Amino acid sequence: MAKYHRANHSRWRWRRVTQIMARDGEMCSICGERLSRKVDDHTDPLYITFDHITPISRGGTTELPNLRLAHRFCNSTRGNDPLMPEQEN
């Protein structure tokens with residue numbers, strides 16, 4: 001059952017990445033550098049992560065309008081700081 005869950009999660013994740021890239025482009029929303037789908041090690045600083053515009057800890061959701069893509073390093077550096085409107089891409 002665990003393998004099935006991981007496989008479904010992986011497919012869901014990459015579909016979501018594709019949807020957000022189609023909407024926002026293939027750049028990290030924080031540093032502006034290109035994102036690479038070839039990085040598949042989730043511990044790699046360049047791994048693609050979902051950045052919550054309004055962090056979950058501040059009432060944000062996991063819905064598409066509240067998500068953008070960022071490198072793992074950039075996203076972890078931002079932490080749960082709220083995004084100011086003038087910082088939006």
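Being a predicted model, the structure only gives us computed values, none of them experimental. Start at 1 with the first residue, then count along the sequence.
Surrounding CZ of F50 are more than 12 heavy atoms belonging to other residues, nucleotides or ligands, all under 6.0 Å away.
Checking side-chain atoms of N66 against main-chain N and O of T54 turns up a donor-acceptor pair under 3.5 Å. Put simply, the side chain of R58 gets close to the backbone of N80: a donor and an acceptor are under 3.5 Å apart. Between the side chain of R23 and the backbone N or O of L64, at least one donor-acceptor pair lies under 3.5 Å. For the pair R34 (side chain) and E26 (backbone), a donor-acceptor distance under 3.5 Å is absent.
Under the 4.5 Å side-chain contact rule for hydrophobic residues, I20 and V17 share a cluster. Note on W12 and Y47: separate hydrophobic clusters, where clusters join Ile, Leu, Val, Met, Phe, Trp and Tyr whose side-chain heavy atoms are under 4.5 Å apart, directly or indirectly.
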**Study point:** Audit row: R72, H42, side chain to side chain contact (heavy atoms under 4.5 Å, CB included) steps and yes/no
**Key:** CA-CA 8 Å; R72 174 169 298 289; H42 72 279; 4.0 Å; yes

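Test L35, T49, V39 against H71 for side-chain contact (heavy atoms from CB on, under 4.5 Å) and you get one pass: L35. Just one of C31, P45, S29 meets the side-chain contact (heavy atoms from CB on, under 4.5 Å) condition when paired with C74; it is C31.
Taking every heavy atom of both residues into account, D51 and I30 meet most closely at OD2-CD1, 4.0 Å. A pairwise comparison of heavy atoms in T61 and H52 identifies O-CD2, 3.3 Å as the closest pair. What you find for P65 and I53 is that their closest heavy atoms are O-CD1, 3.7 Å. Closest approach of R16 and T62 over heavy atoms only: NH1-O, 3.4 Å.
Of the N and O atoms on the side chains of T18 and R37, at least one donor lies less than 3.5 Å from an acceptor on the other residue.
Note: F73 CZ to R78 CZ = 14.5 Å, rounded to the nearest 0.5 Å. Within the model, atoms CG of L69 and CD of Q19 stand 10.5 Å from one another, a figure rounded to the nearest 0.5 Å. Considering CZ of R68 and CE of M27, their distance stands at 14.5 Å, rounded to 0.5 Å.
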